[in-house]
Engineer: 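First the structure, which I've put down as structure tokens, then a few questions once you've had a look.
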Protein chains: 2
Amino acid sequence: MANLKQLAQSLGLSITTVSRALDGYADVSASTRERVREAADKVGYRPNASARRLRRQRAELVAVTLPSDPGHIGPPHFLDMLSGCAEHLAAAGLNLVIAPVPRGESELDICRRFVDGRRVDAMLLVRTKRKDERVEFLQSRGIPFVTNGRTESLMPHPYIDGDGFAGFRAATLRFHAAGHRRIGHIAGPQEYYFAHDRCRGWRAAMEECGLATDLYAEGAPLEQGGYLAALELLRQPSRPTALVCATDEMAIGALRALREVDGGNQISIVGHDDLPMGAFTSPPLSTMRMTGENLGASFASLLLRAIAGEPAEELQELHAIEFVDRDSHRRPLRAA
Amino acid sequence: MANLKQLAQSLGLSITTVSRALDGYADVSASTRERVREAADKVGYRPNASARRLRRQRAELVAVTLPSDPGHIGPPHFLDMLSGCAEHLAAAGLNLVIAPVPRGESELDICRRFVDGRRVDAMLLVRTKRKDERVEFLQSRGIPFVTNGRTESLMPHPYIDGDGFAGFRAATLRFHAAGHRRIGHIAGPQEYYFAHDRCRGWRAAMEECGLATDLYAEGAPLEQGGYLAALELLRQPSRPTALVCATDEMAIGALRALREVDGGNQISIVGHDDLPMGAFTSPPLSTMRMTGENLGASFASLLLRAIAGEPAEELQELHAIEFVDRDSHRRPLRAA
DNA sequence: CTTGACTCCCAAAACGTTTTGGAGAATCTT
DNA sequence: AAGATTCTCCAAAACGTTTTGGGAGTCAAG
């Protein structure tokens, strides 16, 4: 209820002095500062956010656009990431607003609305595509942003990403070393950078080993997509003995296909994301995950540094992928 | 870049007229209105959000507090709900900000910050406790809010909840009708309303059937909690033949315990939430879910109506629970 | 006594919008 | 033809803060 004017009046001081006292300026005496602070605490004064934002020309807000398509939004721990990010942004006085894409609008429309209405100081982009129009738009407007996932944009921009190429190459080589020769890949939609990157890793390893890359199937990055893709691979005349899946959700769908077609437990499989659920599937799902603690905090830090004006080149984090050894990747290899 | 002043100048009109033209007031002629609209479109004018908020005395923001504890935030489809809610709020010009609880602060502190700093027009509360201090605070401040889950607050407040009592009672009676007599309950932390409500449903059914309620174990509402709770029940001298679990995540943890101890497939089990993952477990997990389409839209609608001043009594939705018949709830019943 | 530095405070402007309360011109009514 | 009404438009106030550019005092040095 209280605003600066009322508070100042009750103290017999000017608005200016009260404002500066609360902000800790040196040009107000220690005694008045204390007096002001006490009075402010007593009436529970908090500056009106809108007024401050208008005057300071800052929105104190960061938006993250949530892709609506297809199905789930990122891996299930995505919300944990957002939450961590929001928490660290809050420490710097910024709040995180979520911006889903209403039907009939594009993700670009959303960016436009937020940026041109000066509703945000920065943006967080997830689920980047290889060619991502949002990135181009934000670069043209000069608004700070960070992406989760790289893009093929020519101009560098801040991002955090996992080295899917290296991770999937290593996983494929691991299968090869274990004796597998028919190693299939269940891929996500190739327009997404992460899906393409992971696919490239598998492909590179296969070619290094002199193996054909025909055991390939693509699907939506969900259980159902993995299920259908796995069925497709299992129909091939020469079945795979091992499967490298673009995501854990797809791998879990594939596990179901294996159970149905194969009785299960015959084909080795590995996913990516380290979903908590993976420890509880049957067999427990071996997987990969991006190294690094508290991804949300990293995003927050990059966003703050981008807002502070650091150049994009210094705000790019490529994290190694580590293997999570459960059980599903070492099914006994039958003689070919 | 453009503001009202510049736009007005370039058109040779006053700020007032331009503003009212864009807002579609009748007291500006159709021709000027059109002229103004065209010019605004051309320069891509969008009103400055902060200025509008200050003048209108509305934050155009709704906050949802994210509990940080324990572990996951709500069921995995929680983000879908938030996204749907944000989408419908956006259609009314409101954005949804997520407000995680930093360590060292309480959920109450967050509410205070948002409400007293006039940063929001309303709040969305999730994971209500039976006695929830946030509810009391918001009621005392007279700020509109909606909770996901009821509370034991004496003053009525808007909520959306599933009828966990009826759902769990029905599930327990179903097991009884199938011949089960030793029906266990894996419960969530009882301070949460939903956990308590579901537990009461199981307990009521057991008592109606004249069965003892000693097969009870409590745990964190996560896979691990369900796993440990199930192990506890399986250690009892007289094992349960069926398990009613407070959440799917707990049920999935319990499934793992059953596999380890029992070889699996001997004990019937049912969860709640209808996680997509449940269709892919082994055996596929029978579960329950709240009826009703697009929960997020319902929350948005209730929030808007609460902001519009409708009384709390008319903003309470209790949804029926429906059974989702997969396979895990009809394991063959061995002779006792 | 004057000057300069320093301390503590404040009036006023500014941020960009919406809204209030008319003003002037044109049109209608009688 | 005069008054009433309707159409268009606008100046100015207001929202609550931060920041600019001083203005009184006080004190020490010259």
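Numbered from 1 within each chain, the chains take letters A, B, ... in sequence-line order. Since the structure is predicted, the reported quantities are computational estimates derived from the model, not experimental observations. For the numbers below, each heavy atom of this structure counts, side chains included, while hydrogens, waters and symmetry mates do not.
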Engineer: Got a second to check how far B:Leu82's CG is from B:Leu124's CG, nearest 0.5 Å?
Structural biologist: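 Those atoms lie 7.0 Å apart.
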Engineer: Which of residues 20-31 of chain A have a heavy atom under 4.0 Å from DNA chain C?
Structural biologist: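 Correct list: A:Asp27, A:Val28, A:Ser29.
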Engineer: Using a distance-only test with no angle check, is there a side-chain donor-acceptor pair under 3.5 angstrom linking A:His157 and A:Thr151?
Structural biologist: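 Present: a donor and an acceptor within the cut-off.
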Engineer: What residues form a side-chain contact (heavy atoms from CB on, under 4.5 Å) with B:Ala51, not counting sequence neighbours?
Structural biologist: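 Here the qualifying residues are A:Leu54, B:Asn48.
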Engineer: Axis-to-axis angle across the helix from C:dC1-D:dG30 to C:dT30-D:dA1, five pairs an end, to 10 degrees?
Structural biologist: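 Inter-axis angle at the ends, rounded: 60°.
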Engineer: Can you give the first and last nucleotides of DNA chain C, 5' to 3', that have an atom under 4.0 Å from a heavy atom of chain A?
Structural biologist: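 Here the contact window of chain A covers C:dC8 to C:dG16.
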Engineer: So among A:Ile143, A:Thr65, A:Val97, which one has a side chain to side chain contact (heavy atoms under 4.5 Å, CB included) with A:Phe114?
Structural biologist: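 The passing option is A:Val97.
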Engineer: For B:Ser14 and D:dC9, is the shortest distance between a side-chain N/O and OP1 or OP2 below 4.0 Å?
Structural biologist: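 Negative; the distance criterion is not met.
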Engineer: Which pairs pass salt bridge (charged side-chain N to carboxylate O under 4.0 Å, His left out) with one or both residues in residues 134-155 of chain B, sequence neighbours excluded?
Structural biologist: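 Qualifying pairs, neighbours excluded: B:Glu107-B:Arg134, B:Asp116-B:Arg141, B:Arg130-B:Glu152, B:Asp132-B:Arg134, B:Arg150-B:Asp161, B:Arg150-B:Asp197.
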Engineer: Can you list the residues that meet the salt bridge (charged side-chain N to carboxylate O under 4.0 Å, His left out) rule with A:Glu60, with sequence neighbours excluded?
Structural biologist: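 If we apply the salt bridge (charged side-chain N to carboxylate O under 4.0 Å, His left out) test to A:Glu60, skipping adjacent residues, the hits are A:Arg52, A:Arg53, B:Arg119.
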Engineer: With a 4.0 Å cut-off on N to O distance, would you call B:Glu191 and B:Lys131 a salt bridge?
Structural biologist: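 Between B:Lys131 and B:Glu191 there is no salt bridge, as every charged N stays at least 4.0 Å from the carboxylate O atoms.
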Engineer: How is B:Leu13 classified with respect to the nucleic acid when contacts are heavy atoms under 4.0 Å: base, sugar-phosphate, or nothing?
Structural biologist: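 The answer is sugar-phosphate, as B:Leu13 gets under 4.0 Å only of primed atoms, P, OP1 or OP2.
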Engineer: Taking the side chain as every heavy atom from C-beta outward, state whether B:Tyr192 and B:Thr128 have any pair of such atoms under 4.5 Å apart.
Structural biologist: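 Not touching, per the 4.5 Å side-chain cut-off.
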Engineer: Going by number, which of residues 47-61 of chain A have a non-hydrogen atom under 4.0 Å from DNA chain C?
Structural biologist: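 Close to the strand are A:Leu54, A:Arg55, A:Gln57.
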Engineer: Which residues pass the salt bridge (charged side-chain N to carboxylate O under 4.0 Å, His left out) test with B:Arg305, sequence neighbours left out?
Structural biologist: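 Salt bridge (charged side-chain N to carboxylate O under 4.0 Å, His left out) check on B:Arg305 returns B:Glu310.
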Engineer: Going by side chain to side chain donor-acceptor pair (under 3.5 Å), name the residues that satisfy it together with B:Asn294, two or more places apart in sequence or in a different chain.
Structural biologist: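 Applying side chain to side chain donor-acceptor pair (under 3.5 Å) to B:Asn294 gives none.
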Engineer: List for me each residue that meets side-chain contact (heavy atoms from CB on, under 4.5 Å) alongside B:Ala59, sequence neighbours excluded, and say none if there are none.
Structural biologist: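 B:Leu61, B:Asp121.
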Engineer: For A:Leu304, give me all partners under side-chain contact (heavy atoms from CB on, under 4.5 Å), at least two apart in sequence or on another chain.
Structural biologist: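 Once residues adjacent in sequence are excluded, the partners of A:Leu304 under the side-chain contact (heavy atoms from CB on, under 4.5 Å) criterion are A:Leu89, A:Ala92, A:Leu94.
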Engineer: Mind listing the side-chain donor-acceptor pairs of residues 37-45 of chain A below 3.5 Å, one per line with the distance, residues two or more places apart or on another chain?
Structural biologist:
none

